Each structure stands twice: as C-alpha cells, then as structure tokens.
Amino acid sequence: MMGNILIVGAGIAGLSAGIYARKSGFEVTIYESHNIPGGNCTSWRRKGYLFEAGLHWLTGSGRDKPLNRIWREVGALTEETRIDKNDPFKICDWPSDSAGRLQVCLYRDVAKLETHLCEVSPEDTKRIRELCRDISRFIAFSIPVLDILLLKTAEKAPPVLTLLKMLPALLRYLPLSALSVADYAAKFKHPAIRLLLTSVVNPAYDALSLLVTLGCLASGDGGYIEGGSLILAANMAKRFEALGGTIHYGKKVEKVLITEGKAAGVRIGGETIPADACIVTSDTLSAIDTLFDPPVSEGWSRRMRVKICRPGALIMCSFISIGVEADLSNLPESITFPLENPFGHAGQLITELAYKLYFGSAGYAPAGCSAITILLAGDTYDYWKQMREQGCYGECKRELFEQILAALEKQLPAIKGKVAVWDVATPLTYERYCGTYHGSWMTITPPGSMRVSYPYKSRRVGNLYFAGQRIIPPGGTPVAVVTGRTAAQYLCRDSGVVFR
Ligand SMILES: Cc1cc2nc3c(=O)[nH]c(=O)nc-3n(C[C@H](O)[C@H](O)[C@H](O)COP(=O)(O)OP(=O)(O)OC[C@H]3O[C@@H](n4cnc5c(N)ncnc54)[C@H](O)[C@@H]3O)c2cc1C
C-alpha cells in the first residue's frame with residue numbers, strides 16, 4: 001500500500017518522518033499548529049535582534065559521525081552550512097582572592113583541558129585525569145543510527161563496527177548512570193571546576209549524559225550551525241517540500257480519529273481529513289491524552305505518564321533574551337558565573353547564571369550591538385501558571401528580567417543603560433507555541449534508574465505511529481531526527497515498501 005500519510009507536527013521529528021516517508025514513495029501531508037516549522041528548535045526576532053533559543057550545539061554536526069549522514073539526508077546540513085566549534089566551549093568566570101577573576105575553560109582538546117584544569121586545581125589532579133580519561137573513552141561514542149529488523153531498505157547502515165568502537169564508553173555506562181552530574185562534580189575540590197561541570201548539562205541528569213556531551217565536544221562534534229535553529233528547521237522544511245510533501249501551517253490537529261481499530265484521519269477545525277496512516281510527532285506525553293478520544297491507554301502510555309510526570313523529570317526553562325546597544329564581540333561567548341547576590345525566583349534560589357552572547361557581525365543584532373540569552377532551568381510551570389491566573393504574569397516576567405539584568409551588569413558593565421529590548425519566555429510560552437506538556441522540551445532519567453524508551457507504534461492501532469523527543473529520553477534534536485526516521489521505517493515495513 002503506498003498511501004496518504006498525515007503527520008501531526010512540523011518539528012524536527014515530523015519533518016524527518018515526512019522526508020523519509022516521502023522519499024520512500026508515500027503521499028505525505030504535515031499539519032502544524034504554529035506558522036513556522038521547527039517546534040522547540042526555534043529562535044525569535046525582536047527589534048532587529050535574533051535570539052537563539054533552541055540550539056546550543058548540534059550532535060551530529062561532526063562530519064565523521066553516523067548522525068551527520070542523517071542530518072545531511074534530511075537537508076538540515078548542506079555543503080554551504082558553516083559550523084562553529086567554539087573552543088573553549090564554555091568558561092567559568094570565578095572571583096579569585098589574588099588575581100581578581102579566574103577563568104576556568106572547558107577546552108574541547110582533552111590534553112589541553114587536562115593541563116589547564118590541573119594548573120587551576122593541583123589538588124584535583126587525580127580526579128581531573130579520571131575525567132579526561134572518561135572523556136577520551138566517550139570520543140568514539142555516537143548515537144547509533146540503526147535500521148529496524150526485517151526492513152527492506154535500499155542501503156543498510158553498518159551497526160556492528162560502530163558499536164564495537166563504543167565498547168570502552170559502554171563499560172562506563174553503569175557507574176556513570178548511577179551518579180547525578182551534581183554528585184559527579186561534587187567530587188572536585190575546586191568550586192569553579194564544580195560550577196563549570198554542572199553548567200554543561202542539567203545537573204540533575206546522570207553523569208553519563210555529561211560524559212556523552214563532553215566526548216561529543218572533544219570528538220570535533222557538537223558545533224553550532226550558523227543561523228541556528230531557524231536555518232536547521234527551514235532547511236528540512238525546504239527538503240520536504242522539494243520532495244513533493246505538503247505542510248499546512250496554522251492547522252492544529254484536534255483529534256486523531258480511530259475507527260474500527262485503525263487511524264482513519266484527523267480532525268482540524270471540525271473538518272475530517274482522511275488518511276491511510278498517521279504519524280504523531282507532537283509531544284507524545286501530551287498527545288496520548290489530548291489527541292485521542294478516549295486517551296491512549298496501553299502499557300507504554302501508562303508508564304510514560306507515571307515516569308515522565310514525576311517530579312524533576314521534565315526539563316523546562318524560563319528563557320531570558322536581552323538586546324544591548326553595546327559591542328561585546330571582544331568577550332568570550334559562553335560564560336557561567338556565581339552571583340554575588342543570589343536571588344529567589346519561583347521558590348528556587350538562583351546562585352549562578354550562564355549567558356551566551358551573539359554578535360551584530362554575525363547577524364544576530366544590529367551593527368555594533370549584541371544579543372544576550374540566559375536559560376534558567378527548573379520546573380516553574382505551576383509558578384507561572386499561578387502568576388497568570390493572578391493577573392501578574394507580565395509583572396513577574398519584568399521582575400525576573402530586572403533581577404537578571406542587575407546581576408549581568410556587574411559581570412558585563414558595558415551593558416549598563418544599553419538595553420534596547422528584552423523578552424522572557426516561560427514554560428507557558430513553550431506550551432502555547434509548541435503544545436508540549438507543561439512546556440517541557442526534554443526529559444531527565446534520574447540517576448540509577450533504567451533509561452526507558454517508548455514504542456514507535458501503537459500496540460492496538462496498526463497504522464498509528466509516534467516519533468519525537470519523548471520516545472527516547474533525554475530527547476533533543478538528535479532523538480527527534482532519528483525517531484522520525486525510525487517511524488518512517490515502521491511505516492515502510494508495515495506497508496511492504498522499500499525504505500529510502
Ligand atoms: C531553550 C531550549 C534549548 C534547547 N537546546 C538544545 C540543544 O542545544 N541541542 C539539542 O539537540 N536540543 C536542544 N533543545 C531541545 C530540542 O529543541 C527538542 O528536544 C526538539 O526540538 C524536539 O523536537 P520534536 O520534533 O520531538 O518536538 P517539538 O519540537 O515539540 O515539535 C512538535 C511540533 O508539533 C506541533 N504541534 C503540537 N501539537 C500540535 C497539534 N495538535 N497539531 C498540529 N501541530 C502540533 C508543534 O507546534 C511543534 O512544531 C532545546 C530546547 C529548548 C526549548
């Protein structure tokens with residue numbers, strides 16, 4: 001059967017599923033509630049500033065990684081794409097008694113990193129060597145790009161060699177997944193090294209995620225693609241449409257219609273649109289309850305509700321963007337620093353901030369100006385919801401912005417009195433624009449617990465497929481693109497079609 005496939009969502013997973021399904025010969029239409037592609041992988045413009053929100057580094061941007069082939073197949077990366085591998089990747093700017101400030105750098109080069117960290121903290125030498133040995137083991141680690149069993153495919157991926165190369169990293173899997181990033185960092189005596197390590201990925205993640213990320217950076221992967229989120233998503237949408245696929249923007253799917261155990265189509269604006277199969281790529285956690293009547297009730301969906309909704313598992317943020325009429329291009333672009341005066345926000349004590357700078361010379365701000373972004377992680381969904389219900393949402397956003405600005409002005413005196421524009425996006429903003437559960441865009445697997453993946457196919461409805469960030473925690477754009485591809489493979493296998 002070469003049928004008519006409907007996809008819910010034009011995020012990275014939806015575009016990926018659409019591209020592979022279209023390449024394999026299906027008629028594919030994507031319905032997207034927003035007016036642009038990309039979902040959470042997005043940025044926005046305000047008064048001539050471009051605030052990059054959804055992409056800080058791209059796993060698979062390194063040419064020799066299996067994932068790189070996928071990003072190229074879906075058109076996200078092209079021969080023209082410029083990739084910036086900033087080194088150091090991040091700096092912790094620490095107040096020091098003698099020299100004023102101490103800058104502790106996260107170099108991508110492992111030997112340079114080891115020498116530098118040992119100079120900063122000789123008493124941590126043993127730990128630093130262990131860290132650098134671990135990073136070296138994870139250089140060969142990559143997200144495997146595998147084909148599903150019994151798939152007819154034009155070109156098979158060579159999985160065994162890839163897995164063999166990853167053996168040294170895999171041997172560290174259990175010990176590292178038992179520890180949180182915060183626990184791993186706490187073993188270092190120097191507070192600046194501790195802060196540096198906890199600012200790479202969320203400190204509540206397991207240490208395995210930290211090492212995977214550090215290995216990725218050290219391997220020459222994890223670059224930032226010029227133009228960021230918007231270009232990545234636009235390139236994929238362009239590839240999908242060039243293949244003959246159709247995207248309808250501003251079309252929110254209200255329900256996926258199930259008739260006699262089959263997905264019969266979707267309902268949009270009261271109208272029924274028939275389909276031979278549906279791929280749901282909007283947040284699975286949200287979709288299982290909102291897109292189906294009755295809600296999906298299969299073993300995996302019940303497990304998903306329990307595991308992902310437990311406290312601390314949902315990654316979300318308040319995202320603060322500030323445009324300043326000051327040229328900061330002589331400064332490092334990614335800094336973490338402890339606050340002289342910590343402040344309270346939504347029941348949390350904010351003791352440090354991490355900012356990223358983007359410059360006018362690269363098109364992120366008017367000439368001679370700079371864009372600053374700050375990602376404040378934490379489950380503040382209930383707080384913001386309450387503030388909105390009490391009618392003080394805007395006021396609380398301003399209060400947060402002012403607290404952050406006061407801290408930033410101490411760190412970056414050049415921005416004093418130079419703010420041209422500011423913006424605060426909260427989990428409610430992400431919920432509204434992307435339809436994700438509580439505005440969450442990734443998932444934490446608590447240290448010491450099994451990483452659970454979820455199926456791509458409904459157990460009860462034969463022609464209903466799922467893809468996206470929730471299928472393989474922790475999620476992110478690599479998971480989105482890979483799960484979209486895999487959902488298309490299931491569709492091909494079930495339809496007896498060669499996957500291309
Ligand atoms: C601030 C921030 C920073 C991040 N940093 C990184 C990073 O550096 N590296 C990285 O890899 N990842 C990062 N991520 C995570 C990454 O962006 C997401 O995990 C990934 O984009 C999820 O893609 P997805 O396609 O699974 O889902 P989504 O992005 O959620 O896409 C789903 C799409 O479905 C649409 N939709 C929802 N409901 C409906 C409906 N009913 N009808 C029609 N359409 C619907 C949505 O509008 C959306 O376009 C970041 C995310 C954020 C927010």
Side-chain angles (χ1 to χ4, degrees), residues 6-18 29-44 51-61 67 71 76 89 143 200-202 213 216 221-225 228-229 232-233 236-237 247-256 266-269 278-287 289-292 315-321 334 356 373-377 425-427 429-437 439-443 466-484 487:
L6 296 193
I7 296 180
V8 183
I12 302 303
L15 292 167
S16 165
T29 307
I30 301 181
Y31 289 95
E32 165 57 49
S33 52
H34 199 4
N35 54 15
I36 50 168
N40 280 282
C41 183
T42 199
S43 320
W44 48 88
F51 296 118
E52 171 61 81
L55 195 69
H56 297 97
W57 72 83
L58 184 71
T59 306
S61 53
L67 198 56
W71 286 123
F89 178 72
I143 294 181
V200 181
V201 297
N202 192 303
T213 305
C216 162
D221 195 5
Y224 175 70
I225 75 165
S229 301
L232 188 89
M236 288 178 70
I247 310 179
H248 293 293
Y249 293 105
K251 295 283 180 192
K252 182 173 180 177
V253 172
E254 290 146 12
K255 290 289 170 206
V256 175
V266 298
R267 200 177 68 220
I268 298 176
C278 290
I279 307 178
V280 175
T281 72
S282 55
D283 182 0
T284 321
L285 179 61
S286 169
D289 284 324
T290 58
L291 286 190
F292 297 89
I315 298 239
M316 61 185 83
C317 69
S318 299
F319 194 84
I320 299 95
S321 331
S334 182
K356 282 192 68 88
T373 63
I374 290 176
L375 189 159
L376 210 54
T426 75
T429 318
Y430 283 99
E431 178 184 54
R432 178 166 153 225
Y433 283 103
C434 304
T436 44
Y437 182 86
S440 145
W441 37 270
M442 277 174 81
T443 313
F466 294 93
Q469 48 133 338
R470 299 284 181 214
I471 301 295
I472 309 177
T477 53
V479 166
V481 76
V482 166
T483 57

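Counting starts at 1 for both ligands and their atoms, in listed order. Note that the structure is predicted; figures quoted are calculated from it, not measured.
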[atom1] of [X] to [atom2] of [Y]: how many Å apart, nearest 0.5 Å?
| X | Y | atom1 | atom2 | result |
| --- | --- | --- | --- | --- |
| Phe51 | Lys356 | CZ | NZ | 15.0 Å |
| Leu232 | Leu55 | CG | CG | 6.0 Å |
| Ser321 | Ile374 | OG | CD1 | 9.0 Å |

[X] versus ligand 1: do any nitrogen or oxygen atoms come within less than 3.5 Å of each other?
| X | result |
| --- | --- |
| Ser33 | yes |
| Gly435 | no |
| Thr436 | no |
| Gly476 | yes |

Give the numbers and elements of all ligand 1 atoms closer than 4.0 Å to a heavy atom of [X].
| X | value |
| --- | --- |
| Ala13 | 25 (O), 26 (O) |
| Tyr430 | 1 (C), 53 (C) |
| Trp57 | 7 (C), 8 (O), 9 (N) |
| Ala53 | 1 (C), 2 (C), 3 (C), 4 (C) |
| Pro478 | 11 (O) |
| Tyr433 | 47 (O) |
| Gly9 | 33 (C), 34 (O), 35 (C), 44 (N) |
| Gly468 | 26 (O) |

Show your reasoning for whether side chain to side chain donor-acceptor pair (under 3.5 Å) applies to Ser440 and Arg470.
CA-CA 10 Å; Ser440 145; Arg470 299 284 181 214; 2.9 Å; yes
Look at [atom] and say which protein heavy atom is nearest, naming residue and atom and giving the distance to 0.1 Å.
| atom | result |
| --- | --- |
| atom 38 (N) of ligand 1 | Ser282 CB, 3.4 Å |
| atom 52 (C) of ligand 1 | Trp441 CD2, 3.3 Å |
| atom 8 (O) of ligand 1 | His56 N, 2.6 Å |
| atom 24 (P) of ligand 1 | Ala480 CB, 3.9 Å |
| atom 13 (C) of ligand 1 | Gly54 O, 3.4 Å |
| atom 42 (N) of ligand 1 | Val253 N, 2.9 Å |
| atom 26 (O) of ligand 1 | Gln469 N, 2.8 Å |
| atom 28 (P) of ligand 1 | Asn40 ND2, 3.5 Å |

Look at the side chain of [X] and the backbone N and O of [Y], then say whether any donor-acceptor pair between them is shorter than 3.5 Å.
| X | Y | result |
| --- | --- | --- |
| Thr42 | Gly38 | no |
| Trp71 | Thr59 | yes |
| Asp283 | Tyr437 | yes |
| Gln469 | Gly475 | no |
| Glu254 | Gly269 | yes |
| Thr483 | Gly468 | yes |

Of all the heavy atoms in Leu375, does at least one lie under 4.0 Å from an atom in ligand 1?
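True for this residue.
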Counting heavy atoms only, name the option from Ala17, Cys434, Gly39 that's nearest to atom 46 (C) of ligand 1.
Cys434
Nearest neighbour of atom 49 (O) of ligand 1 from the list His34, Met316, Glu32, on a heavy-atom basis:
Glu32
Parallel, tilted or perpendicular for Trp57 and Phe89, by the 30°/60° rule?
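Judged by the thresholds at 30° and 60°, the geometry between Trp57 and Phe89 is perpendicular.
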Heavy atom under 4.0 Å from ligand 1: found in [X]'s side chain, backbone, both, or neither?
| X | result |
| --- | --- |
| Leu58 | neither |
| Lys251 | backbone |
| Thr290 | neither |

Counterpart residues, ring pair (Phe, Tyr, Trp, His ring centres under 6.0 Å), relative to Tyr433 (two or more places apart):
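With neighbours one apart ignored, the set is His34.
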Residue of the set Leu15, Ile279, Thr281 for which side chain to side chain contact (heavy atoms under 4.5 Å, CB included) holds with Ile30
Leu15
Between Glu52 and Thr373, do the side chains contain an N or O donor and an N or O acceptor separated by less than 3.5 Å?
no
Residues which pass side chain to side chain donor-acceptor pair (under 3.5 Å) with Ser61, listed by chain and number, not counting sequence neighbours:
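For Ser61 the side chain to side chain donor-acceptor pair (under 3.5 Å) partners, ignoring immediate neighbours, are Asp221.
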